[in-house]
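The structure appears below as structure tokens.
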Amino acid sequence: FSIVSVQPNPASSSITVTVSGVGEVGSGDRGPGSGIDVEMFDVLGNSVLTQHSALSTQHLDVSSLADGVYILRAFTPGSIPVSRKLLISR
């Protein structure tokens, strides 16, 4: 990835994850397993949210997660995962 952005941060109810620098994401010419996978982990390393999208922008509902710090990991098949820290605060 060239850029992975998470907005807003800190978040309260939802976030938008945008990935740029992945040319063919969302173009429809990739096979099964293509697209972007986003996974969130709590500070203990437990997976708390997973989502897949063929688009370069994903909207995630984080309203069910407790306040705290989370690690968001974004990757495409065959890529190196990129991690970002996310704070949820209400």
Side-chain angles (χ1 to χ4, degrees):
F1 297 121
S2 293
I3 300 172
V4 175
S5 69
V6 180
Q7 299 293 327
N9 192 2
S12 60
S13 60
S14 66
I15 60 171
T16 300
V17 179
T18 304
V19 177
S20 61
V22 184
E24 60 273 358
V25 171
S27 66
D29 61 354
R30 300 179 73 193
S34 64
I36 298 170
D37 290 303
V38 173
E39 190 167 10
M40 287 182 59
F41 300 90
D42 63 17
V43 293
L44 299 176
N46 300 312
S47 177
V48 295
L49 188 145
T50 302
Q51 185 168 313
H52 173 81
S53 176
L55 303 175
S56 61
T57 299
Q58 290 190 40
H59 302 281
L60 287 82
D61 179 6
V62 295
S63 61
S64 64
L65 301 177
D67 287 8
V69 176
Y70 293 85
I71 301 298
L72 182 139
R73 184 176 66 173
F75 58 96
T76 60
S79 75
I80 297 172
V82 175
S83 298
R84 298 286 181 262
K85 185 168 48 171
L86 172 68
L87 174 64
I88 296 180
S89 178
R90 294 177 187 86

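Side-chain atoms are counted along with the backbone in the values below, which use heavy atoms only and exclude waters and symmetry mates.
Annotation for I36 and L55: closest pair CD1-O, 3.4 Å, computed over non-hydrogen atoms.
Considering CG of L72 and CD of Q58, their distance stands at 9.0 Å, rounded to 0.5 Å.
Follow the hydrophobic side-chain contacts under 4.5 Å out from I88 and you never reach V43; the two are in separate clusters. There is no path of hydrophobic side-chain contacts, each under 4.5 Å, that joins F41 to L86.
Exactly one residue among N46, T50, V48, I71 makes a side-chain contact (heavy atoms from CB on, under 4.5 Å) with M40. That residue is V48.
Among pairs with a residue in residues 53-71, those fulfilling salt bridge (Lys or Arg N to Asp or Glu O under 4.0 Å) read D67-R90, at least two apart in sequence or across chains. Every pair tested for side chain to side chain donor-acceptor pair (under 3.5 Å) that includes a residue from residues 4-14 fails, sequence neighbours excluded, so the list is empty.
R84 places no side-chain N or O within donor-acceptor distance of the main-chain N or O of V6, the cut-off being under 3.5 Å.
Taking the side-chain hydrogen bond (donor to acceptor under 3.5 Å, both in side chains) definition, one finds that E39 meets it with S47, R73, sequence neighbours left out.
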